[in-house]
Amino acid sequence: AGLLTYFGFLGFQNGGFPDRSQLFSQLSDNNGFGRRCNGNTAISLDCASSLSPSVAVMGNSYAMVYVTGLQDIGVNLVQLTQDSCALGYIDEVRDPNQVQTCAEFYMKAMRTIKDSSTIDTVILSSTFEKEIKNDHFFSSFMRLLKDLKGKRVLVVAPPPRAPFNVGQCVIKGTIFSKTPDCNFVVDDKHNDMVNYLKSKIGDNPMLEFIDITEIICFKGKCKMTENKLVPTYVDTGHMSKTGVKPVVDFISRKIMQ
């Protein structure tokens, strides 16, 4: 926040910079139906496109980024997400703004999915950092997948993590009137995580792992701006509303198959 305040003051001192409202709009939170749906575990019109959704988007902030884009292209969905929660039933993290732990959230969200007669597809996403590093967390994640038997499940890998805050990089370049070099190369840690998940999830026809790396990073090189006002990420890994569109298009085609 301090850095953004400094940039704002600097922009004021220099008479502002062109199209700043467009840039800050691109860097706004991409959290689906809004903060009111952080921790949502029910089907209601506050956090769903209808009371009879066919798709549930479940996970943490890495799942939230897909909600608005999917809704905009006509996917009938409900948002069942809580920030910073590993996928599974054992994460006891409790956000100060939440009345439930992550474990409680997933138990309630799972009941909603199972009780629904219209939800046939579930989209899951996370950083998968906790799930992979800890055997108990990974076992809990696999149990959650097992509990979704009967539903079509798309497990979406996270985007490659940037070694710096892309949003701040783009702002710096814009304020100082130069094309920012905010691109980076995919690291081995990301590729290892993707390969591990792919090997564990297997070829179950009702369970599909989606690696989005090549959609974002062509041949391992991650281009973070189409132009200086359209960043792909808002930070180190959360995709912007514009940056997420190619991934949303890919996921929507998978849903329709």
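What you see below is based on every heavy atom in this structure, not just the backbone, and it leaves out hydrogens, waters and symmetry mates. Owing to the predicted nature of the structure, the values given are computational and were not obtained by experimental measurement.
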Please report, to 0.1 Å, the donor-acceptor pairs under 3.5 Å made by any side chain of residues 247-254, with sequence neighbours excluded.
from: S252; atom 1: OG; to: V248; atom 2: O; distance (Å): 3.3
from: S252; atom 1: OG; to: D249; atom 2: O; distance (Å): 2.8
from: K254; atom 1: NZ; to: E208; atom 2: OE2; distance (Å): 2.7

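Taking the centre of each ring, Y233 and H238 stay at or above the 6.0 Å mark.
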- Query: Given T236 and N165, is the side chain to side chain donor-acceptor pair (under 3.5 Å) satisfied, shown in steps?
  - Reply: CA-CA 5 Å; T236 59; N165 187 309; over 6 Å; no

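Using modelled atom types, no side-chain atom of T41 and backbone atom of A109 make a donor-acceptor pair closer than 3.5 Å. Between the S116 side chain and the T112 main chain, no donor and acceptor come within less than 3.5 Å of each other. Between the side chain of N40 and the backbone N or O of A42, at least one donor-acceptor pair lies under 3.5 Å. Between the S199 side chain and the Y196 main chain, a donor and an acceptor come within less than 3.5 Å of each other. With hydrogens and angles ignored, the 3.5 Å screen pairs a side-chain donor or acceptor of K151 with a backbone N or O of I119. Here the side chain of S140 pairs a donor or acceptor atom with the backbone of Y89 at under 3.5 angstrom.
For the pairing with P53, the side-chain contact (heavy atoms from CB on, under 4.5 Å) check across T118, L80, D120 returns one residue only, T118. Exactly one of V65, D72, L70 qualifies for a side-chain contact (heavy atoms from CB on, under 4.5 Å) with T68. That residue is D72.
Between the side chains of N76 and S49, at least one donor-acceptor pair of N or O atoms lies under 3.5 Å. If you check the side chains of S126 and N60, you find a donor sitting under 3.5 Å from an acceptor. Side-chain polar atoms of S44 and D46 form no donor-acceptor pair below 3.5 angstrom. With no hydrogens or angles considered, no side-chain donor-acceptor pair links N30 and S240 at under 3.5 Å.
Using bins of under 30°, 30° to 60° and over 60° for the plane-to-plane angle, the ring pair F184/F164 lands in the perpendicular bin.
In this structure, D91 pairs ionically with K130, as a charged nitrogen and a carboxylate oxygen lie closer than 4.0 Å. A salt bridge links E129 to R161: one of the charged nitrogens lies within less than 4.0 Å of a carboxylate oxygen.
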